[in-house]
Novice: 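Supplied in C-alpha coordinates, the structure appears directly below.
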Amino acid sequence: MSQYHTPVLLKESVGLLGIDPAGTYVDLTFGGGGHSRRILEELGPEGRLYAFDQDRDTLANAPADGRFHYVESNFRFLRGALRLRGVTEADGILADLGVSSHHFDAVERGFSFRGEAPLDMRMNQRGGLTAAKVVNSYPAQTLTQLLGDWGELDTPWKVANCIVRARETAPIQTTAQLVEAVRPCTPKKDESKFLTKLFQALRIEVNGEMEALKMALEQSLRVLRPGGRLVVISYHSLEDRLVKNFLRSGNFAGAVEKDFYGRALTPFEILTRKAVVPSDEELERNPRSRSAKLRAAVKR
(Lines give C-alpha, C1' and ligand atoms only; values in the text may rest on other atoms or scores of the structure.)
Protein backbone atom coordinates (compact mmCIF):
# COMPACT_ATOMS: atom_id res chain seq x y z
CA MET A 1 0.00 0.00 0.00
CA SER A 2 2.96 2.32 0.58
CA GLN A 3 3.54 2.33 -3.17
CA TYR A 4 0.12 3.93 -3.69
CA HIS A 5 0.70 6.82 -1.29
CA THR A 6 2.94 7.55 1.69
CA PRO A 7 0.72 8.94 4.48
CA VAL A 8 1.82 12.38 5.68
CA LEU A 9 2.07 13.38 9.36
CA LEU A 10 0.70 9.93 10.21
CA LYS A 11 1.64 9.72 13.88
CA GLU A 12 0.78 13.36 14.57
CA SER A 13 -2.63 13.36 12.85
CA VAL A 14 -3.94 10.11 14.33
CA GLY A 15 -2.52 11.10 17.72
CA LEU A 16 -4.57 14.32 17.64
CA LEU A 17 -7.73 12.30 17.01
CA GLY A 18 -7.40 11.00 20.58
CA ILE A 19 -8.79 7.59 19.60
CA ASP A 20 -11.46 6.04 21.82
CA PRO A 21 -11.14 2.27 21.17
CA ALA A 22 -14.95 1.94 21.07
CA GLY A 23 -15.50 5.11 19.05
CA THR A 24 -16.73 5.89 15.55
CA TYR A 25 -14.26 7.59 13.22
CA VAL A 26 -14.27 8.97 9.69
CA ASP A 27 -11.36 9.15 7.24
CA LEU A 28 -12.56 11.59 4.58
CA THR A 29 -9.67 10.85 2.19
CA PHE A 30 -8.95 7.11 2.19
CA GLY A 31 -6.46 7.00 -0.72
CA GLY A 32 -3.83 4.37 -0.03
CA GLY A 33 -5.32 3.68 3.40
CA GLY A 34 -2.30 4.66 5.50
CA HIS A 35 -4.20 6.84 7.97
CA SER A 36 -7.12 4.38 8.09
CA ARG A 37 -4.81 1.49 8.98
CA ARG A 38 -3.26 3.44 11.84
CA ILE A 39 -6.74 4.32 13.16
CA LEU A 40 -7.79 0.65 12.97
CA GLU A 41 -4.68 -0.32 14.98
CA GLU A 42 -5.95 1.85 17.82
CA LEU A 43 -9.61 0.83 17.64
CA GLY A 44 -11.00 -2.00 19.75
CA PRO A 45 -13.48 -4.64 18.53
CA GLU A 46 -16.43 -2.27 19.02
CA GLY A 47 -14.86 0.65 17.15
CA ARG A 48 -15.90 1.62 13.63
CA LEU A 49 -14.19 3.45 10.80
CA TYR A 50 -15.90 4.91 7.73
CA ALA A 51 -13.50 5.83 4.93
CA PHE A 52 -14.55 8.06 2.01
CA ASP A 53 -13.04 8.19 -1.45
CA GLN A 54 -14.57 9.10 -4.79
CA ASP A 55 -11.81 7.42 -6.80
CA ARG A 56 -12.78 3.80 -7.40
CA ASP A 57 -9.10 2.86 -7.79
CA THR A 58 -8.74 3.15 -4.00
CA LEU A 59 -11.13 0.27 -3.29
CA ALA A 60 -8.23 -2.09 -4.00
CA ASN A 61 -6.52 -0.71 -0.88
CA ALA A 62 -9.44 -1.48 1.48
CA PRO A 63 -8.43 -3.68 4.44
CA ALA A 64 -10.37 -6.88 5.13
CA ASP A 65 -11.60 -5.78 8.54
CA GLY A 66 -15.16 -5.96 9.86
CA ARG A 67 -14.77 -2.60 11.60
CA PHE A 68 -13.89 -0.89 8.31
CA HIS A 69 -16.57 0.54 5.99
CA TYR A 70 -15.58 1.90 2.56
CA VAL A 71 -17.77 4.74 1.28
CA GLU A 72 -17.40 5.42 -2.45
CA SER A 73 -18.35 9.07 -2.37
CA ASN A 74 -17.02 12.60 -2.45
CA PHE A 75 -16.62 13.82 1.11
CA ARG A 76 -18.93 16.74 0.32
CA PHE A 77 -21.73 14.20 1.00
CA LEU A 78 -20.34 13.32 4.45
CA ARG A 79 -23.48 13.67 6.55
CA GLY A 80 -25.91 12.07 4.10
CA ALA A 81 -23.62 9.13 3.36
CA LEU A 82 -23.17 8.42 7.08
CA ARG A 83 -26.90 8.69 7.78
CA LEU A 84 -27.56 6.15 5.02
CA ARG A 85 -25.35 3.78 7.02
CA GLY A 86 -27.12 4.49 10.30
CA VAL A 87 -24.42 6.80 11.68
CA THR A 88 -25.58 10.10 13.17
CA GLU A 89 -22.46 11.21 15.01
CA ALA A 90 -18.73 10.56 15.07
CA ASP A 91 -15.97 10.82 17.65
CA GLY A 92 -13.38 12.04 15.19
CA ILE A 93 -12.94 13.07 11.55
CA LEU A 94 -9.63 13.11 9.67
CA ALA A 95 -8.97 14.66 6.26
CA ASP A 96 -5.67 14.53 4.35
CA LEU A 97 -6.46 16.90 1.49
CA GLY A 98 -3.42 16.29 -0.67
CA VAL A 99 -3.43 14.67 -4.07
CA SER A 100 -2.08 11.17 -3.53
CA SER A 101 1.28 10.11 -4.92
CA HIS A 102 -0.67 7.60 -7.00
CA HIS A 103 -2.41 10.39 -8.92
CA PHE A 104 0.85 12.15 -9.71
CA ASP A 105 2.62 8.90 -10.59
CA ALA A 106 -0.23 7.53 -12.74
CA VAL A 107 0.76 9.77 -15.66
CA GLU A 108 -2.27 8.74 -17.71
CA ARG A 109 -4.58 10.54 -15.23
CA GLY A 110 -3.18 13.92 -16.34
CA PHE A 111 -2.38 15.39 -12.90
CA SER A 112 1.30 15.97 -13.60
CA PHE A 113 3.06 18.20 -16.11
CA ARG A 114 5.96 15.72 -16.23
CA GLY A 115 5.28 13.44 -19.19
CA GLU A 116 2.43 13.43 -21.70
CA ALA A 117 -1.12 12.31 -20.95
CA PRO A 118 -4.71 13.29 -21.75
CA LEU A 119 -5.75 16.49 -19.93
CA ASP A 120 -8.10 14.76 -17.49
CA MET A 121 -7.46 15.45 -13.77
CA ARG A 122 -10.74 13.92 -12.56
CA MET A 123 -10.56 12.33 -9.10
CA ASN A 124 -13.92 10.75 -9.85
CA GLN A 125 -13.45 9.18 -13.28
CA ARG A 126 -17.21 9.17 -13.80
CA GLY A 127 -17.32 12.98 -13.55
CA GLY A 128 -18.21 14.98 -16.67
CA LEU A 129 -15.77 17.91 -16.44
CA THR A 130 -12.16 17.36 -17.51
CA ALA A 131 -9.20 19.74 -17.63
CA ALA A 132 -9.38 19.56 -21.44
CA LYS A 133 -12.95 20.91 -21.33
CA VAL A 134 -11.87 23.74 -19.05
CA VAL A 135 -8.93 24.90 -21.19
CA ASN A 136 -10.78 24.52 -24.50
CA SER A 137 -14.22 25.91 -23.63
CA TYR A 138 -13.93 28.44 -20.79
CA PRO A 139 -13.91 32.11 -21.92
CA ALA A 140 -10.70 34.07 -21.29
CA GLN A 141 -12.29 36.02 -18.43
CA THR A 142 -13.37 32.83 -16.62
CA LEU A 143 -9.95 31.24 -17.15
CA THR A 144 -8.31 34.39 -15.77
CA GLN A 145 -10.41 34.24 -12.62
CA LEU A 146 -9.81 30.55 -11.87
CA LEU A 147 -6.06 30.83 -12.58
CA GLY A 148 -5.88 33.77 -10.19
CA ASP A 149 -8.16 32.34 -7.51
CA TRP A 150 -7.17 28.66 -7.54
CA GLY A 151 -3.60 28.91 -8.85
CA GLU A 152 -2.67 32.26 -7.30
CA LEU A 153 -0.68 33.01 -10.46
CA ASP A 154 0.85 36.49 -10.65
CA THR A 155 -0.40 37.34 -14.16
CA PRO A 156 -3.43 35.07 -14.75
CA TRP A 157 -4.70 37.16 -17.67
CA LYS A 158 -1.47 36.56 -19.61
CA VAL A 159 -1.72 32.81 -19.05
CA ALA A 160 -5.40 32.77 -20.03
CA ASN A 161 -4.60 34.66 -23.25
CA CYS A 162 -1.80 32.19 -24.07
CA ILE A 163 -4.27 29.31 -23.70
CA VAL A 164 -6.95 31.04 -25.79
CA ARG A 165 -4.49 31.83 -28.60
CA ALA A 166 -3.16 28.26 -28.67
CA ARG A 167 -6.60 26.62 -28.74
CA GLU A 168 -7.63 28.79 -31.72
CA THR A 169 -5.09 26.84 -33.77
CA ALA A 170 -5.95 23.37 -32.43
CA PRO A 171 -7.62 21.95 -29.29
CA ILE A 172 -5.32 21.46 -26.29
CA GLN A 173 -5.81 17.77 -25.49
CA THR A 174 -2.71 16.67 -23.56
CA THR A 175 -0.59 17.84 -20.64
CA ALA A 176 2.38 18.39 -22.96
CA GLN A 177 0.26 20.50 -25.33
CA LEU A 178 -0.82 22.66 -22.39
CA VAL A 179 2.78 23.13 -21.26
CA GLU A 180 3.65 24.16 -24.84
CA ALA A 181 0.62 26.50 -25.07
CA VAL A 182 1.72 28.49 -22.02
CA ARG A 183 5.43 28.48 -22.86
CA PRO A 184 5.38 32.14 -24.09
CA CYS A 185 4.26 33.28 -20.61
CA THR A 186 6.22 30.73 -18.54
CA PRO A 187 8.97 32.34 -16.43
CA LYS A 188 12.35 30.80 -17.20
CA LYS A 189 13.51 30.94 -13.57
CA ASP A 190 10.47 29.38 -11.84
CA GLU A 191 9.06 27.13 -14.55
CA SER A 192 8.30 24.21 -12.21
CA LYS A 193 6.59 26.41 -9.61
CA PHE A 194 4.56 28.17 -12.33
CA LEU A 195 3.38 24.90 -13.89
CA THR A 196 2.56 23.47 -10.45
CA LYS A 197 0.24 26.44 -9.81
CA LEU A 198 -1.32 26.16 -13.26
CA PHE A 199 -2.07 22.46 -12.89
CA GLN A 200 -3.31 23.02 -9.32
CA ALA A 201 -5.80 25.63 -10.55
CA LEU A 202 -7.19 23.29 -13.21
CA ARG A 203 -7.39 20.35 -10.80
CA ILE A 204 -9.27 22.39 -8.21
CA GLU A 205 -11.74 23.58 -10.86
CA VAL A 206 -12.29 20.12 -12.38
CA ASN A 207 -12.96 18.52 -9.00
CA GLY A 208 -14.75 21.42 -7.33
CA GLU A 209 -12.29 21.03 -4.47
CA MET A 210 -12.83 24.28 -2.58
CA GLU A 211 -16.61 23.98 -2.56
CA ALA A 212 -16.36 20.32 -1.51
CA LEU A 213 -14.01 21.27 1.34
CA LYS A 214 -16.38 23.97 2.58
CA MET A 215 -19.29 21.52 2.52
CA ALA A 216 -17.30 18.85 4.34
CA LEU A 217 -16.14 21.25 7.05
CA GLU A 218 -19.65 22.57 7.65
CA GLN A 219 -21.05 19.05 7.82
CA SER A 220 -18.26 17.87 10.12
CA LEU A 221 -19.49 20.34 12.72
CA ARG A 222 -22.94 18.71 12.57
CA VAL A 223 -21.60 15.14 12.55
CA LEU A 224 -19.09 15.42 15.40
CA ARG A 225 -20.40 14.80 18.89
CA PRO A 226 -19.44 17.35 21.59
CA GLY A 227 -15.84 16.50 22.47
CA GLY A 228 -15.28 15.00 19.02
CA ARG A 229 -12.18 15.99 17.12
CA LEU A 230 -11.54 17.34 13.63
CA VAL A 231 -8.04 16.90 12.17
CA VAL A 232 -7.15 18.33 8.75
CA ILE A 233 -3.92 18.21 6.72
CA SER A 234 -3.78 20.79 3.90
CA TYR A 235 -1.18 21.44 1.22
CA HIS A 236 -1.68 24.95 -0.13
CA SER A 237 -2.63 28.33 1.27
CA LEU A 238 -6.18 28.29 -0.12
CA GLU A 239 -7.08 25.11 1.79
CA ASP A 240 -5.16 26.08 4.91
CA ARG A 241 -6.87 29.49 5.09
CA LEU A 242 -10.32 27.89 4.91
CA VAL A 243 -9.45 25.31 7.57
CA LYS A 244 -7.79 27.84 9.89
CA ASN A 245 -10.71 30.28 9.67
CA PHE A 246 -13.32 27.56 10.14
CA LEU A 247 -11.64 26.05 13.20
CA ARG A 248 -11.17 29.50 14.71
CA SER A 249 -14.63 30.90 14.09
CA GLY A 250 -16.99 28.32 12.58
CA ASN A 251 -17.13 30.30 9.33
CA PHE A 252 -14.86 30.81 6.34
CA ALA A 253 -14.31 34.52 6.74
CA GLY A 254 -12.70 33.93 10.14
CA ALA A 255 -14.90 36.52 11.88
CA VAL A 256 -15.42 35.45 15.50
CA GLU A 257 -18.84 36.32 16.90
CA LYS A 258 -19.14 37.40 20.53
CA ASP A 259 -21.93 37.23 23.08
CA PHE A 260 -23.34 40.15 25.09
CA TYR A 261 -20.41 39.94 27.51
CA GLY A 262 -17.77 39.92 24.78
CA ARG A 263 -17.01 36.22 25.06
CA ALA A 264 -16.09 34.49 21.79
CA LEU A 265 -18.81 32.25 20.40
CA THR A 266 -16.70 29.59 18.72
CA PRO A 267 -17.76 26.00 18.03
CA PHE A 268 -14.24 24.58 18.48
CA GLU A 269 -11.41 24.58 20.96
CA ILE A 270 -8.18 24.72 18.98
CA LEU A 271 -5.62 21.98 19.70
CA THR A 272 -2.92 23.34 17.38
CA ARG A 273 -2.16 27.01 18.03
CA LYS A 274 0.37 26.84 15.20
CA ALA A 275 0.06 24.45 12.30
CA VAL A 276 2.00 21.20 12.77
CA VAL A 277 4.49 20.60 9.95
CA PRO A 278 6.56 17.54 8.99
CA SER A 279 9.80 16.86 10.85
CA ASP A 280 13.16 17.03 9.09
CA GLU A 281 13.23 13.23 9.16
CA GLU A 282 9.84 12.99 7.41
CA LEU A 283 10.84 15.61 4.85
CA GLU A 284 13.92 13.58 4.00
CA ARG A 285 11.92 10.37 3.77
CA ASN A 286 8.98 11.90 1.87
CA PRO A 287 9.80 15.19 0.07
CA ARG A 288 6.17 15.46 -1.11
CA SER A 289 5.18 16.25 2.49
CA ARG A 290 7.04 19.58 2.43
CA SER A 291 3.97 21.83 2.06
CA ALA A 292 1.77 19.93 4.56
CA LYS A 293 0.12 21.81 7.44
CA LEU A 294 -1.85 20.01 10.13
CA ARG A 295 -4.57 21.69 12.22
CA ALA A 296 -6.88 20.12 14.79
CA ALA A 297 -9.70 21.15 17.11
CA VAL A 298 -12.25 19.74 19.55
CA LYS A 299 -15.95 20.46 19.13
CA ARG A 300 -17.31 22.28 22.19
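Just so it is clear, the structure is predicted and the values come from calculations on it, not from any experiment.
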Novice: Check whether N251 reaches the backbone of A255 with its side chain - one donor and one acceptor, N or O, closer than 3.5 Å.
Specialist: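 Yes, N251 side chain to A255 backbone: donor-acceptor pair under 3.5 Å.
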Novice: For residues I93 and V231, determine if any side-chain heavy atom of one lies less than 4.5 Å from a side-chain heavy atom of the other.
Specialist: no
Novice: Quick one: does any side-chain atom of Y25 pair with a main-chain N or O of L40 as donor and acceptor, under 3.5 Å?
Specialist: no
Novice: Looking at P267 and L221, what are the two nearest heavy atoms and their distance?
Specialist: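 Closest approach of P267 to L221, heavy atoms only: CB-CD1, 3.7 Å.
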Novice: Test your reading of the model: is there a side-chain donor-acceptor pair from S36 to the backbone of G33, 3.5 Å cut-off?
Specialist: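 Not a single qualifying donor-acceptor pair exists.
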Novice: Kindly give the heavy-atom pair with the smallest separation between K258 and A264, and that separation in Å.
Specialist: CG-CA, 4.2 Å
Novice: Under the ring pair (Phe, Tyr, Trp, His ring centres under 6.0 Å) rule, what pairs show up with a residue in residues 115-160, not counting sequence neighbours?
Specialist: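 Not a single pair qualifies under ring pair (Phe, Tyr, Trp, His ring centres under 6.0 Å).
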Novice: Checking the side chain of Q177 only, and the main-chain atoms of T174 only, is there a donor and an acceptor separated by less than 3.5 Å?
Specialist: yes
Novice: Under 6.0 Å between ring centres, would you say that holds for F75 and F52?
Specialist: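 They do not qualify: ring centres at least 6.0 Å apart.
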Novice: Cut-off 3.5 Å, no hydrogens considered: what does the side-chain donor-acceptor table look like for residues 83-92, sequence neighbours left out?
Specialist:
residue : atom : partner : partner atom : Å
R85     : NH1  : A81     : O            : 2.9
D91     : OD1  : R225    : NE           : 2.4
D91     : OD1  : R225    : NH2          : 3.3
D91     : OD2  : T24     : N            : 2.8

Novice: Would you say the side chain of S112 lies within less than 4.5 Å of the side chain of T175, judging by non-hydrogen atoms?
Specialist: no
Novice: Could I get the full list of salt bridge (Lys or Arg N to Asp or Glu O under 4.0 Å) partners for E218, not counting sequence neighbours?
Specialist: none
Novice: Hey, do the aromatic rings of Y50 and F30 have their centres closer than 6.0 Å?
Specialist: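 Between F30 and Y50, which both carry aromatic rings, the centre distance is not below 6.0 Å.
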Novice: Looking at residues at least two apart in the chain, or sitting in another chain, which of them share a side chain to side chain donor-acceptor pair (under 3.5 Å) with T130?
Specialist: none
Novice: Test of understanding: with side-chain contact (heavy atoms from CB on, under 4.5 Å), list the residues that count as partners of Q145, not counting sequence neighbours.
Specialist: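 Scan of Q145 (side-chain contact (heavy atoms from CB on, under 4.5 Å), adjacent residues dropped) gives D149.
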Novice: Who pairs with E281 by side chain to side chain donor-acceptor pair (under 3.5 Å), at least two apart in sequence or on another chain?
Specialist: R285
Novice: Please determine whether side chain to side chain contact (heavy atoms under 4.5 Å, CB included) holds for the pair V135 and L202, giving the CA-CA distance in whole Å, both sets of side-chain angles, and the decisive distance to 0.1 Å.
Specialist: CA-CA 8 Å; V135 300; L202 293 173; 3.9 Å; yes
Novice: When you measure from the side chain of R248 to the backbone of G254, do you find a donor-acceptor pair of N or O atoms at a distance under 3.5 Å?
Specialist: yes
Novice: Could you check whether any side-chain N or O of E205 sits under 3.5 Å from a backbone N or O of A201, counting only pairs where one atom can act as donor and the other as acceptor?
Specialist: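 Not a single qualifying donor-acceptor pair exists.
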Novice: Given 3.5 Å as the limit, does a donor-acceptor pair link the side chain of N207 with the main chain of M123, or not?
Specialist: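 Present.
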Novice: Which atom pairs, one a donor and one an acceptor, fall under 3.5 Å between side chains of residues 189-197 and the rest of the protein, sequence neighbours left out?
Specialist:
residue : atom : partner : partner atom : Å
S192    : OG   : R114    : NH2          : 3.3
T196    : OG1  : S192    : O            : 2.8

Novice: Determine, for F268 and K299, whether the Lys NZ or Arg CZ falls below 6.0 Å from the six-membered ring centre while staying within 45 degrees of the axis.
Specialist: no
Novice: Are L49 and V26 side-chain neighbours, meaning at least one heavy-atom pair lies under 4.5 Å?
Specialist: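 The answer is no; the side chains never approach within 4.5 Å.
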Novice: Using the salt bridge (Lys or Arg N to Asp or Glu O under 4.0 Å) criterion, which residues pair with E41? Sequence neighbours excluded.
Specialist: R38
Novice: Are L198 and V179 linked, directly or through intermediate hydrophobic residues, by side-chain heavy-atom contacts shorter than 4.5 Å (ILVMFWY only)?
Specialist: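 In one cluster with V179: L198, yes.
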Novice: For residues 260-275, which residue pairs pass the side chain to side chain donor-acceptor pair (under 3.5 Å) check, not counting sequence neighbours?
Specialist: D259-R263, T266-R300
Novice: According to side-chain contact (heavy atoms from CB on, under 4.5 Å), who are the partners of R229, at least two apart in sequence or on a separate chain?
Specialist: L271, V298
Novice: Do E152 and S237 get their side chains close enough for a donor-acceptor pair, meaning under 3.5 Å?
Specialist: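 Per modelled atom types, E152 and S237 side chains form a pair under 3.5 Å.
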Novice: Would you call L143 and V164 a side-chain contact if the rule is heavy atoms closer than 4.5 Å?
Specialist: yes
Novice: Does any N or O in the side chain of D240 come within less than 3.5 Å of the main-chain N or O of H236, such that one atom is a donor and the other an acceptor?
Specialist: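 It does not hold such a pair.
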Novice: Which residues satisfy the side-chain contact (heavy atoms from CB on, under 4.5 Å) test with A292, sequence neighbours excluded?
Specialist: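 A292: side-chain contact (heavy atoms from CB on, under 4.5 Å) contacts with V8, L9, I233, Y235, P278.
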Novice: Students often mix this up, so state it plainly: with edges at 30° and 60°, are the rings of F246 and F252 parallel, tilted or perpendicular?
Specialist: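 Answer is parallel, since the angle falls under 30°.
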Novice: What is the minimum heavy-atom distance between V182 and V159, and which atoms define it?
Specialist: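 Reported closest heavy-atom pair: CG1-CG1, 3.9 Å.
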Novice: Side-chain contact test, heavy atoms from C-beta onward, threshold under 4.5 Å: evaluate it for L178 versus I163 and give yes or no.
Specialist: yes
Novice: Quick one: does N136's side chain have a donor or acceptor within less than 3.5 Å of a partner on A132's backbone?
Specialist: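 Pair found, side chain donor or acceptor close to backbone of A132.
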Novice: Would you say the side chain of S13 lies within less than 4.5 Å of the side chain of H35, judging by non-hydrogen atoms?
Specialist: yes
Novice: How would you list all residue pairs meeting side chain to side chain donor-acceptor pair (under 3.5 Å) that involve residues 65-78, not counting sequence neighbours?
Specialist: Q54-N74, R56-E72, T58-Y70, D65-R67, E72-R126
